[in-house]
Enquirer: 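I am attaching a structure below and will ask some questions about it afterwards.
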Amino acid sequence: MSCGRAGDLAEQALTALGKVVLWCLSVSGDDARLEREIGRIAAALDEVLLAPSGLAALEALLRYLVATHARFSVRKIGRLLEKAAGPRAQEAIVTTLDEIERRGERRGLAQGRAQGRAQTLLELLAARFGAVPADVSARILAADEAALVAWTTRVLTAPTPEDVLAEDGDRPAAPRRPAARKRARRA
């Protein structure tokens with residue numbers, strides 16, 4: 001049996017989802033091939049959407065394409081798939097890619113805030129204590145936003161960079177400063 005014939009038999013035995021998944025795997029990272037061969041999966045893509053879990057399968061496939069074609073924007077992948085797909089698939093593709101994009105934007109905004117907080121904290125530590133040790137810097141860059149908020153406040157009173165990052169039970173109580181008194185004005 002020839003290699004071409006075996007490929008044809010395998011293609012006939014696959015479900016629509018199997019065909020689309022196999023195609024996605026075969027074009028992974030190859031942007032030119034994705035663009036060139038997108039039409040091959042049009043009928044299978046429409047068939048996938050007819051299945052009860054078709055939208056969930058489509059979302060997983062689109063996420064995979066977005067992840068494996070980093071040079072393409074979500075919109076570009078959407079346009080390519082829309083051209084290849086039938087009307088039912090086009091609507092589902094647009095809706096799914098919009099949701100992927102929204103989630104990515106939300107995730108990107110949260111990551112941007114955390115990175116900004118981490119950078120600010122590193123600058124405050126350097127201004128207060130001098131050079132920040134590499135292990136402290138690494139811990140700050142890996143921290144979540146809640147920890148960064150707590151540490152940024154703590155940098156004002158902690159005696160060392162390590163105390164800024166200490167767990168609540170591990171750090172000494174911050175010394176209390178007497179409240180500043182206002183001088184009475186004399187008339």
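Note that the structure is predicted; figures quoted are calculated from it, not measured.
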Enquirer: I need the Glu47 CD to Leu49 CG distance, nearest 0.5 Å.
Expert: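 Rounded to the nearest 0.5 Å, the CD-CG separation comes to 10.5 Å.
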
Enquirer: Taking all heavy atoms of Thr152 and all of Leu148, pick out the closest pair and write down the distance.
Expert: OG1-O, 2.7 Å

Enquirer: Of all residues at least two apart in sequence or in a different chain, which pass the side chain to side chain contact (heavy atoms under 4.5 Å, CB included) check with Val21?
Expert: Leu17, Leu25, Leu61

Enquirer: How far apart are the closest heavy atoms of Arg128 and Ala158, and which atoms are they?
Expert: NH1-O, 2.6 Å

Enquirer: Donor-acceptor pair, distance only, cut-off 3.5 Å: does the side chain of Thr160 make one with the backbone of Asp163?
Expert: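 Answer holds: yes.
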
Enquirer: What donor-acceptor contacts under 3.5 angstrom involve side-chain atoms of residues 75-87, with partners at least two apart or in another chain?
Expert:
| residue | atom | partner | partner atom | Å |
| --- | --- | --- | --- | --- |
| Arg75 | NE | Glu101 | OE1 | 3.3 |
| Arg75 | NH1 | Asp98 | OD1 | 3.2 |
| Arg75 | NH2 | Asp98 | OD1 | 2.2 |
| Arg75 | NH2 | Glu101 | OE1 | 2.9 |
| Lys76 | NZ | Glu35 | OE2 | 3.3 |

Enquirer: With sequence neighbours excluded, tell me which residues meet salt bridge (Lys or Arg N to Asp or Glu O under 4.0 Å) with Arg139.
Expert: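 Salt bridge (Lys or Arg N to Asp or Glu O under 4.0 Å) check on Arg139 returns Glu167.
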
Enquirer: Taking only residues two or more places apart in sequence or in another chain, which ones pass side chain to side chain contact (heavy atoms under 4.5 Å, CB included) with Leu50?
Expert: Arg88

Enquirer: Less than 4.5 Å apart, side chain to side chain, heavy atoms only: is that true for Leu141 and Leu122?
Expert: yes

Enquirer: Under a 4.5 Å cut-off applied to non-hydrogen side-chain atoms, are Lys19 and Ile41 in contact?
Expert: no

Enquirer: Would you please name every residue forming a side chain to side chain contact (heavy atoms under 4.5 Å, CB included) with Asp31, sequence neighbours left out?
Expert: His69, Arg71, Phe72

Enquirer: Any side-chain to backbone donor/acceptor pair from Ser28 onto Cys24? Under 3.5 Å, distance only.
Expert: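 No.
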
Enquirer: Who passes side chain to side chain contact (heavy atoms under 4.5 Å, CB included) against Glu37, sequence neighbours left out?
Expert: Trp23, Val27, Arg33, Arg40

Enquirer: Applying side-chain contact (heavy atoms from CB on, under 4.5 Å), run through Leu125 and Trp151 and close with a yes or a no.
Expert: CA-CA 10 Å; Leu125 285 168; Trp151 295 343; over 6 Å; no

Enquirer: Are the side chains of Leu45 and Ile93 in touch, meaning some heavy atoms are under 4.5 Å apart?
Expert: yes

Enquirer: How far apart are the closest heavy atoms of Ala126 and Val132, and which atoms are they?
Expert: N-CG2, 3.8 Å

